[in-house]
Protein chains: 2
Amino acid sequence: MPNKSAVPISLVTIKAACSQCSLHELCLSEGLSKEELSKLDSLVGARRKLKRQQNLYRAGDPFEAIYAVRTGFFKTDVLLEDGRDQVTGFQMAGEILGMDGIGTEAHTCNAVALEDSEVCVIPFSQLEQLSREIKTLQHNFHKVMSRELVRDQGLMMLLGTMRAEERLAAFLLNMSQRFTSRGYSAAEFHLRMTREEIGSYLGLKLETVSRAFSRFQEEGFIAVQQKHIRILDGDGLRKLLNHQPR
Amino acid sequence: MPNKSAVPISLVTIKAACSQCSLHELCLSEGLSKEELSKLDSLVGARRKLKRQQNLYRAGDPFEAIYAVRTGFFKTDVLLEDGRDQVTGFQMAGEILGMDGIGTEAHTCNAVALEDSEVCVIPFSQLEQLSREIKTLQHNFHKVMSRELVRDQGLMMLLGTMRAEERLAAFLLNMSQRFTSRGYSAAEFHLRMTREEIGSYLGLKLETVSRAFSRFQEEGFIAVQQKHIRILDGDGLRKLLNHQPR
DNA sequence: TGGTCGCTTTGATCCATGTCAATACGATAA
DNA sequence: TTATCGTATTGACATGGATCAAAGCGACCA
């Protein structure tokens, strides 16, 4: 029972250039004039396809470009010497990857495609150059980075103060919201990552994630079938988040 | 027994302008030519003093400027509707505050002085304008934001995978390293925040923080006297971090 | 068609950290 | 000096999530 409702409407018309891209408002090109867009187009020429499980970049790779996800789904993770690792984010269409590398000239995390995916390669020095010419582009880029900082704040909040079920509820609502703003169904979607990856992202063990899923199903908040999730009672999940005991 | 060694050498010579500022390399002005610096000077004219416990800005405040800490010590925190809050960072001289506001035109967290402090006010639209003229400034700003992203990654790692004593060890080593790069003693410093604030930052309860401090003292890693910390065995702390059991 | 493999679910038990409570300490004010 | 208040330490106990272990389920392949 594949979730038909999750087929994106707008993505059908995707073309090569930013000027034609349906991800417009999520990405860097919002508010640009026609001629500005065409300048951006020439910058973003390169495209890169990745197979599932392929790395877009690895920690330590020299930093040269940032990437806009065109289609597909990614995770970023950090690996400690002692083997522990943590998923630091999941990225979907329209989201930008690789900004961690600017500060040190090298990437500090790994980015891996969780399904066959395609990204726009945005050479960073060229982006800086163009955004010295185009005020709106400059500001858009700053906004993207800032939003990433705010996202991180939210994740810290989650990791620092929430209990297991709250974390998972927050995660599901966040996924739902992001699918929505891409024209997919808010209520039904397919998770691309394993329980272990969810757990790593949420600071939990995979068993705990699994138990929380089961619990939510018992409560009637969601229907789970492997990686297919149907949200039956979003408010139920939201309540879990807000007036939590401690 | 105040820690004399923690008196900064370089800060004595602080003047008003970026061009004279000893925090140079930590801040936005690195690598700028004389004339570029003087342009930056005119932008950063405004200064703001804050008393201990005073807010630099609050969540929801309209975003207009970012701030460079000149002297003193800050915390940033996020407050949830249900009353839970989390400290998301501690900022000291040379560090930049307020970039969370760019994306939404409003600040998303609170910034509070933990001791009497002074900041340079950097009106953001002017900074954007000047960094369209000065490539190096533009790049410096991008680096600062990127480093903030990487810092957040580290904190997620800490919150997601480390146990209490590891977290505190990481925290102490980080503080020590930051004091060092400002010309203070690496081995002896004064914490400006309470156990509760440390706990909030590390995702622990204040009692757990206190116990970990006591434990480190028993082990001979540090000497604790209230907020005065002396690091006796930094390698001991580092070992705690690396070859940890799980 | 059966076998293997990766992923997920579920149960039983353990332990790190949270919780609650008492006490101590240090600064400041009366 | 003594009182007060915020902060820190320490102890006793409770518990949420980790850990260990065993099935279950689906997808893919031979």
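Since the model is a prediction, treat every value here as computed from it, not as a measurement.
In this structure, B:Ser210 reaches the bases: a heavy-atom distance under 4.0 Å links it to at least one base atom across the strands shown. Among the protein residues, B:Leu206 comes within range of the nucleic acid bases, having at least one heavy atom under 4.0 Å from a base atom. Backbone-only contact: B:Gly203 has heavy atoms under 4.0 Å from sugar-phosphate atoms and none from a base.
In this structure, CZ of B:Arg167 is placed 14 Å from P of C:dA16, rounded to the nearest angstrom. If you take CG of A:Leu159 and P of D:dG16, they are 19 Å apart, rounded to a whole angstrom. Note: CD (A:Gln217) to P (C:dT8) measures 14 Å, nearest angstrom. Atom CZ in A:Phe216 sits roughly 13 Å away from atom P in C:dT9 (whole-Å rounding). In this structure, the CD atom of A:Gln225 is 8 Å from the P atom of D:dG26, given to the nearest Å. If you measure from atom CZ of B:Phe213 to atom C1' of D:dA8, you get 11 Å, rounded to the nearest angstrom. One interatomic measurement links the two molecules: CD of A:Glu196 to P of D:dA18, which rounds to 12 Å at whole-angstrom precision. Residue B:Leu168 contributes atom CG, which lies 15 Å from atom C1' of C:dA16 at whole-angstrom precision.
Partners of A:Glu196 under the side chain to side chain contact (heavy atoms under 4.5 Å, CB included) rule, at least two apart in sequence or in another chain, are A:Thr194, A:Leu206.
Defining each end axis of the helix from C:dT1-D:dA30 to C:dA30-D:dT1 as the rotation carrying four pairs' C1' atoms onto the next four, with five pairs an end, the two axes are found to diverge by 30° to 10 degrees.
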Yes or no on side chain to side chain donor-acceptor pair (under 3.5 Å) for A:Thr76 and A:Thr88, after CA distance, side-chain angles and deciding distance? CA-CA 6 Å; A:Thr76 45; A:Thr88 55; 2.9 Å; yes
A:Thr161 and A:Glu166: CA distance, side-chain angles, deciding distance, side chain to side chain contact (heavy atoms under 4.5 Å, CB included) verdict: CA-CA 10 Å; A:Thr161 74; A:Glu166 293 182 88; over 6 Å; no
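Comparing atom distances between the B:Arg163 side chain and each of C:dA16, C:dC20, D:dA8 picks out C:dA16 as nearest. You'll find that the side chain of A:Thr208 is closest to D:dG17, out of C:dT10, C:dT8, D:dG17. Listed nucleotides: C:dG18, D:dT19, D:dA18. Nearest to the side chain of A:Glu207: D:dT19. Taking every side-chain heavy atom of B:Lys205 into account, C:dT19 is the closest of C:dT9, C:dT17, C:dT19. Here the side chain of B:Ser214 is nearest to one of C:dG18, D:dT9, C:dT10, namely D:dT9.
Evaluated for a side-chain hydrogen bond (donor to acceptor under 3.5 Å, both in side chains) with A:Glu115, the options A:Arg52, A:Gln53, A:Arg192 yield exactly one hit, A:Arg192.
Salt-bridge formation is detected for the pair B:Glu219/B:Arg215: a Lys NZ or Arg NE/NH1/NH2 atom is positioned less than 4.0 Å from an Asp or Glu carboxylate oxygen.
Here the straight-line distance linking atom CD1 of B:Ile198 with atom CE of B:Met193 works out to 5.5 Å at 0.5 Å rounding. We find the CZ-CG distance between B:Phe179 and B:Leu191 to be 7.0 Å, quoted to the nearest 0.5 Å.
For the pair A:Arg211 and A:Gln226, both in contact range of DNA chain D, the more 5′-proximal nearest nucleotide belongs to A:Arg211.
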